[in-house]
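Below, read A as the first sequence line, B as the second, and so on, with proteins coming before strands; counting in each chain starts at 1.
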Amino acid sequence: MTVVIGFEGSANKIGVGIIRDGEVLSNPRRTYITPPGQGFLPSDTARHHRAVVLTVLKEALDQAGLQPADIDCVAYTKPGMGAPLVTVALVARTVAQLWGKPLLGVNHCIGHIEMGRLITRANNPTVLYVSGGNTQVIAYSERRYRIFGETIDIAVGNCLDRFARVLKQISNDPSPGYNIEQMAKGSQYVELPYTVKGMDVSFSGILSYIEEAAHRLLTSDQCTAEDLCFSLQWQETLFSMLVEITERAMAHCGSQEVLIVGGVGNLRLQEMMAVMCEERGAKLFATDEFCIDNGAMIAQAGWEMFRSGQVTELEDSWVTQYRTDEVEVTWRP
Amino acid sequence: MAVPEFLSTAELLKQGAEARVYRAQFLGKPAIVKERFPKRYRHSVLDEKLTHRRTVQEVRSILRCRKAGIPAPVVYFVDYTSNCIFMEEILRSTTVRDHIVGAQQSDAGNDVELRLLAQRVGQTLAKMHDEDVIHGDLTTSNMLLRRGPQDKESELVLIDFGLSYISALPEDKGVDLYVLEKAFLSTHPNTELVFEELLKSYAASSKRSPAVIKKLEEVRLRGRKRSMVG
């Protein structure tokens, strides 16, 4: 039996999860919510995480009914936003030393992928990773998660968040993307730029366009805020682009499975992806609640890495920015 | 005979990302039919617009390339009602992708051969960009090697111009190369040197390449590609 505790806090969520051989024993989480019209700043986010991290840690142990002695390995997330990352790494380092357990730095994206594989039992899927900071189409080959397509500028979640700030009335609780989805009940399709470049996408032009057009269209009553939400997210532009690059990567790799991970993987995106999969006889896997950043996903990837013999020495436990495809996958054939 | 009726008797070769590809005879010639069928996951207005635009773009870019002497399939017939393009079947050909995979598996002397191929791809793309054609979806699956009669050197044929457009901007050409670079290196592990050779020959083949290569370097660093926040 191997028990791994995982610390996540690379953005506005702070979570601690415990995994025992594929079973999620606990996975408590807190989210730093900012007022409508505002994003989360690194230093404020770190302050939030510092204030609650020990409470969340205690909850994780209590809910799992475990003592520190029962833990085999302490995993923590990287990369991400600097200040919150440092906070989480500090706590992980401290408890690892207090408890005398090995420490393990886990790639955030690989956490998403391994959690998705665990929950859905997808074997070798093409992965669409969509969140506030990332938009990547990933497939596994020869010991790496290789990035086939990605955004060449901002992430899809970032585009949605910043659009929410343009409209100002959209709440950040639980996330702007969720509330855009709820508001996307418009029916009028507003034409927006559509930018697919091979297996890559670009969102910055769409954002500039809608930032400029939103004010003009809304004040002249040419469309409603609901129409814009609908056009931007639902069926329309952003999600169509994501489904399209996923399909391109599948056709290119000859893959018949898709896994959606990351906080933007909402129901509408899953629905559209399912239609695409049906058209080409492929299978869709989605993870719902485990899509959003959480501690268990770090624990799960940590579990795989630890079992294949990886640990991070204390002096190497700094946090840095690095890419998904830089990690050697030692736990998959 | 209407096109959909015609296709019902044709042989379906594969379903790509945006079209079904059939093999058929067109006025006695071996032909490939590319049918852009409606994508039900996206809004019908958007879908119709994209489908029509891509059909037009594909044909335009193919013609422009062929006029400049860049090998691409001959277009026989276009039906804008069903969004079908009838074009020449590139006989006796393999994709560059399969070719590289095969060369990597067999060990003898492939290094030199792959570098020669990379040079040829670089030259062809430089020529295409000098015509201001942006391919938009450069991958090793979208390049074919047509074997010549007997020993003659095989010829590189570009296909799949669905995302192409016309632009003289170094930015667009740089992104075109960036898209290829990512597709190339993710599809073919450990080919960094081969791709370097490709870029070198691209740079040497076009007078306008310095601005493009500079943009390529910019695009690589752009946005959040280096970090993974969130």
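When only modelled atom types and interatomic distance are considered, S240(A) and H43(B) share no side-chain donor-acceptor pair under 3.5 Å.
Inter-residue side-chain proximity for R146(A) and T187(B) is flagged as unmet; no heavy-atom pair is nearer than 4.5 Å. Counting heavy atoms from C-beta outward, R40(B) and E279(A) have side chains that approach closer than 4.5 Å. Put simply, the side chain of V243(A) does not reach to within 4.5 Å of the side chain of R42(B), judged on heavy atoms. For the pair E247(A)/E18(B), no side-chain contact is recorded, criterion being any heavy-atom separation below 4.5 Å from C-beta on.
Residue F148(A) touches chain B through both its backbone and its side chain, counting heavy-atom pairs closer than 4.5 Å. Interface remark: V179(B) contributes backbone and side-chain atoms alike to the contact with chain A (heavy atom separation under 4.5 Å). Contact of E244(A) with chain B is made through backbone and side chain together, with heavy-atom distances under 4.5 Å. With a 4.5 angstrom heavy-atom cutoff, R54(B) touches chain A only via side-chain atoms. Looking at F184(B), there are no atoms closer than 4.5 Å to chain A (heavy atoms on both sides), in backbone or side chain. Using a 4.5 Å cut-off between heavy atoms, K14(B) does not touch chain A at all.
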Legend entry - Derivation and outcome, side-chain contact (heavy atoms from CB on, under 4.5 Å), residues N142(B) and H252(A): CA-CA 10 Å; N142(B) 288 342; H252(A) 182 71; over 6 Å; no

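Taken to the nearest 0.5 Å, the NZ atom of K197(A) stands 5.5 Å off from the CG atom of D172(B).
Of all the heavy atoms in A17(B) and A251(A), the pair that sits closest is N-CB, 3.8 Å. Across all their heavy atoms, Y41(B) and V275(A) have their closest contact at N-CG1, 3.7 Å.
When each of M199(A), E191(A), M273(A), M250(A) is scored by its heavy-atom pairs under 4.5 Å with chain B, the top score falls to E191(A).
Evaluation of the ring pair (Phe, Tyr, Trp, His ring centres under 6.0 Å) rule for F290(A) yields no partner, not counting sequence neighbours.
Residues of residues 127-138 of chain B that come within less than 4.5 angstrom of chain A, heavy atom to heavy atom, are G136(B), D137(B) in numerical order.
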